[in-house]
Amino acid sequence: MKIKWMILAAILTVLTVLTGCEPLAVLDPKGPQAQTQADVILLSIAIMSFIVIAVFAILIYMLVKYRASKQPEDYKPPHIEGNFWVEAICVGIPVLIVAYLSFVSVESNYKVEATPEGYDEEPLVVYASSSDWKWHFSYPEENIETLNYLYVPTDRPLEFRLYSYGPISAFWIPQLGGQKYAMADMVTTLHLAADVPGEYSGRNANFSGEGFAEQTFNVNAVSPDEFDEWVEEVQTTADPITEDEFEELLEPGHLGQQTFTGTHLEFMPAPEGEHGGHNHGGESEESHEEHSDQSDDEHSDHSEHDHDH
Amino acid sequence: MEFFERFAIPHPSPIIYASMVAIGITLLAIIAGLTFFKKWGYLWREWLTTVDHKRIGIMYLISALLMLFRGGVDALMMRAQLATPEAQLLDSQHYNEIFTTHGVVMIIFMAMAFIIALMNFVVPLQIGARDVAFPRLNALSFWLYFMGAMLFNLSFVIGGSPSSGWTSYFPLAGNEFSPSVGTNYYMIAIQIAGIGTLITGINFIVTILKMRAPGMKLMKMPMFTWSALITNLIITFAFPVLTVALAMGTMDRLFGTQFFTTGNGGMDMLWANLFWVWGHPEVYILVLPAFGIYSEIISTFAKRNLYGYKSMVASMVIISLLSFVVWVHHFFTMGQGAMVNSIFSITTMAIAVPTGIKIFNWLFTLYKGSIRFTVPMMYSLGFLPIFTIGGVTGVMLGMSAADYQYHNTMFLVAHFHLVIIPGVVFAMLAGLTYWWPKMFGFMLNERIGKWAFWFISVGTCVAFFPMFISGLDGQARRMYTYSESTGFGFWNMLSFVGAVALAIGFIIIVYNIYYSTRYASRDIGSDPWDARSLEWATHTPVPEYNFATIPEVDSSEAFWDSKYNGHKLFKGKLKEIHMPNNSGVPFIMSALFFVLGFSFIFSIWIGVIVSLLGICACLMHRSFEKDHGRHISLEEVEKTESELRGGK
Ligand code: HEM
Ligand SMILES: [Cu+2]
Ligand SMILES: [Cu+2]
């Protein structure tokens, strides 16, 4: 057993040293959603370590105390059926822990599934669609579109509407918040926000075929003023996106970063509302209790969905 | 010409050509060897047509070990490719094929076969029965599994392997994005093996419910038998879902239906749901028998009865129920909203409670015991801490909001390997070492076995702990490479070192089998571990009828009581014994299934029709056949018994 503990200890030391230099992306949040998630992660690590330590301690105690080499030759272990109180404690404590974690889990679910609170402005809506193996970002209000990079303002909620032109992908910016799937027949919504200006990396996290490893994008979080400047600059310098050009972009492969005016939503709308294969609540995304109810309803009658996109 | 192009590997490489040659040579060598040593008849009479649960168990075991080797080579290649940033060992397509086949081979063809191997060998002995309830169906189960496994492995050299992950999510797995026949192999090979598993499920439920020795009430069954009962109940409820999902996927790919497409009313999410409605119970199908094995081993080597028998049973029942209501945790990120996620988050974490009870019961079984550190016991003791870490990370994944960050990352990969390896692989190795003397009449060398244990357990920790860190740092799973600037390099190199240690551990086990076969003593008696349950009450080697007289039982540790508390196990007199006849039909029918599967995969409709007719003919043959089994005469039983007793 000793060797194992030594190795474990060594790993832990290396871990602390290395993580001391550069924090792990998920534990180095730059926005409220990632913060919520990092908090939940750290809390659960703490509680779980308690359980792990308890189990390790009991195990070591038993192994040291009751090894055969320490017992007299003729020792006959007793017959013990089990004890109500011992079992009650073994059920009771885990139940309490799970109950507490459930409470935390539910609370954090409603947080990450809602527009982050404490911001004055309305969320910036960005449509993020994946195609083999690229990300297309459409800003309908600003009327611009980018390929494989994002510009977002800090201190304003971000509402990503996700869908895919191919296999299921997952839109993920670890430092801003966890991932969500982008699928071909519906739009899903991911609520994020950035509090700290900076450059973050984002990627597709859900395996989608040959070019999956390189399906990444850059995120530039800048102050609202800078963001406005960027929008203006794009609007004056970039070329408009056309249907033919967009069709070409959809071809499987890798491309660099590109910028356009206009969005592909005009000629190829996202699969939501009347264009959706089906969806999970669409418009009612804001009110969440209602959303969940509604999504059940919508799933029960998929046959009636409208597929004319 | 076009017809033949389908059989070509779409994306060949020197490794694949080399394997083609190697497979060809091996096949020739086997055929030549069998012919030269005149073993065809022996093979047919003693193995291919056998309906004896012990032999079927051993055939499962050999197949599982072969598949472990195949899946292990896949794993080593993956870890080698990821050990350094931007490595060129494998290209993307090959990497994708390898992680797909690794997952399928390890879960469906290795782990499932391994647990079924041990259930086959042990359960009838533990309940004091002469065979399973339907011995011929049991042979059919094995051969269907075996043909499915062979079919799946054939994809490596004919037509190309599947490459959309062991989860095979649509639309990626559909024709548009996976045009090669690889995914057909996935759908059909798993289907064939899965039908075999479903039959096993039913067979063992009936066996355990109907064929227990007199006096063995349900609450007096050994814990491994209990776990087998519950596992087979889960199999019987979960596998039909897989069957249906695979059938729908096959139809989508071959007949143009639209179940899982993204247009025309199909729904890709339906696949994900069906897959995990089977998939989550599946992980408990794997781990519950392992729990049973640990219960046997820990109480044997602590020299104590199992602590909390009743709560052990209750917790398994609760786990089996809960395992059907947590599947959504595999896609918390699919956009179903906070409410649905909350419900499944709670059910998921709830599973930790019964699992925790079991851990504490094992710990308390050690209390006041007299612990012997044998190889099976060391695996069991290594299991406890590592599995606890794997399990608590499962609870962390169950917190859905946080799972948005863990999902699809190396963190998840670390979680499931740290439950499956100690939970299933350790248990298999422990069970193998523990029951080996009963199977083969000699013991595996303890000293070499301990070396293997240390390599494997330390290797597991070194291979998988770093993934928690690289996962939290943003390394997604299933990436065939990463750039240096990500900083994942160090952790992946560490993982590679661990994987090599694991591989060395397995090689040591192979060496141990060789070494012990040559040198181990054959004079070990029938109860070398001083064990507690009925499988040790019969002779070694076990006669084909298992027990000459059926034992009578009045506790969950009847054999122990017979050794130390004056219980009399065998009261009856010797009589003639009724046994089932061997039959070649299961083998032939499964071979036809192989042809059927192959024909489906390549859309050779004439082959489909012919093999289907053949399968029907086999079924009809069975319906009209009059087979009342055979009797082993009293003289013969007496002769065998006195020989076996003399040999002791
Ligand atoms: C305490 C009990 C456990 C809990 C709470 C738990 C929880 C979870 C969760 C939430 C996931 C999904 C994570 C994600 O995809 O983001 C997961 C994945 C997985 N778990 Fe567990 N788990 C537990 C025990 C086990 C056991 C005992 C096994 C197997 C023997 C197992 C095998 C797996 C596998 C294979 C996957 C991933 C499959 C894949 O995506 O390829 N888990 N677990
Ligand atoms: Cu939907
Ligand atoms: Cu699961």
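Just so we're on the same page: letters track the sequence lines, and every chain starts at 1.
Screening A:Y181, A:W172, A:F171 against A:F160 for a ring-ring contact (aromatic ring centres under 6.0 Å, His included) leaves a single residue, A:F171.
Residue contact with chain A, scored on non-hydrogen atoms closer than 4.5 Å, involves the backbone of B:L306 exclusively. Residue B:D91: no heavy atom, backbone or side chain, is found under 4.5 Å from chain A. Only the side chain of B:Y169 comes within contact range of chain A, judged by heavy atoms closer than 4.5 Å. In this structure, no portion of B:F344 lies under 4.5 Å from any heavy atom of chain A. At a 4.5 Å heavy-atom cutoff, B:S315 makes no contact with chain A through either its backbone or its side chain. In this structure, the portions of B:S400 lying under 4.5 Å from any heavy atom of chain A include both its backbone and its side chain. Heavy atoms closer than 4.5 Å to chain B are found nowhere in A:Q175, neither backbone nor side chain. There is no contact between B:A272 and chain A, counting heavy-atom distances below 4.5 Å. Looking at B:I359, only its side chain comes within 4.5 Å of chain A, counting heavy atoms on both sides.
Contact count versus chain B (heavy atoms, under 4.5 Å) is highest, among A:G177, A:G211, A:A34, for A:G177. Ranked by non-hydrogen atom pairs under 4.5 Å with chain B, the options A:I97, A:N204, A:D132, A:L101 are led by A:L101. The choice from B:P171, B:G369, B:S483 that makes the most heavy-atom pairs within less than 4.5 Å of chain A is B:G369. Between chain B and the residues A:D39, A:T36, A:I51, A:I45, the most heavy-atom pairs under 4.5 angstrom are made by A:I45. Chosen from B:W362, B:F373, B:F301, the residue pairing most often with chain A at heavy-atom distances under 4.5 Å is B:F373. The residue among A:A205, A:S108, A:P94, A:A170 with the most heavy atom pairs within less than 4.5 Å of chain B is A:A205. Heavy-atom pairs under 4.5 Å with chain A were tallied for B:Y480, B:Y307, B:F411, B:F360; the largest tally goes to B:Y307. Residue with the most contacts toward chain A among B:S92, B:S370, B:S164: B:S370 (heavy-atom pairs, distance under 4.5 Å). Note on A:L190, A:D28, A:V106, A:V104: by heavy-atom pairs under 4.5 Å with chain B, the leading option is A:V106. Interface remark: of the candidates A:V55, A:V112, A:V98, A:I80, A:I80 forms the most heavy-atom pairs closer than 4.5 Å to chain B.
Looking at A:E210 and B:N96, their side chains never bring a donor and an acceptor atom within 3.5 Å of each other. Between the side chains of B:N408 and A:N206, at least one donor-acceptor pair of N or O atoms lies under 3.5 Å. Neither side chain, B:Q405 nor B:H407, offers a donor N or O lying under 3.5 Å from an acceptor on the other. Residues B:D530 and B:Y564 have side chains that bring a donor and an acceptor to within less than 3.5 angstrom of each other.
Between A:P271 and A:Y163, the shortest heavy-atom distance links the atoms CD-CD1, 3.4 Å. The heavy-atom pair separating A:L59 from B:P385 by the smallest distance is CD2-CD, 3.6 Å. Here the closest heavy-atom approach between residue A:V64 and residue A:K70 is recorded as O-CD, 3.4 Å.
Between B:F170 and B:F260, the ring planes lie tilted relative to each other; the angle falls in the 30° to 60° range.
A 4.5 Å side-chain heavy-atom check between B:L397 and B:T393 finds every atom pair outside the cut-off. Between A:V26 and A:Q37, every side-chain heavy-atom pair lies at or beyond the 4.5 Å cut-off.
Relative to the ring axis of B:F364, B:R304 does not place its NZ or CZ within 45° and under 6.0 Å from the centre.
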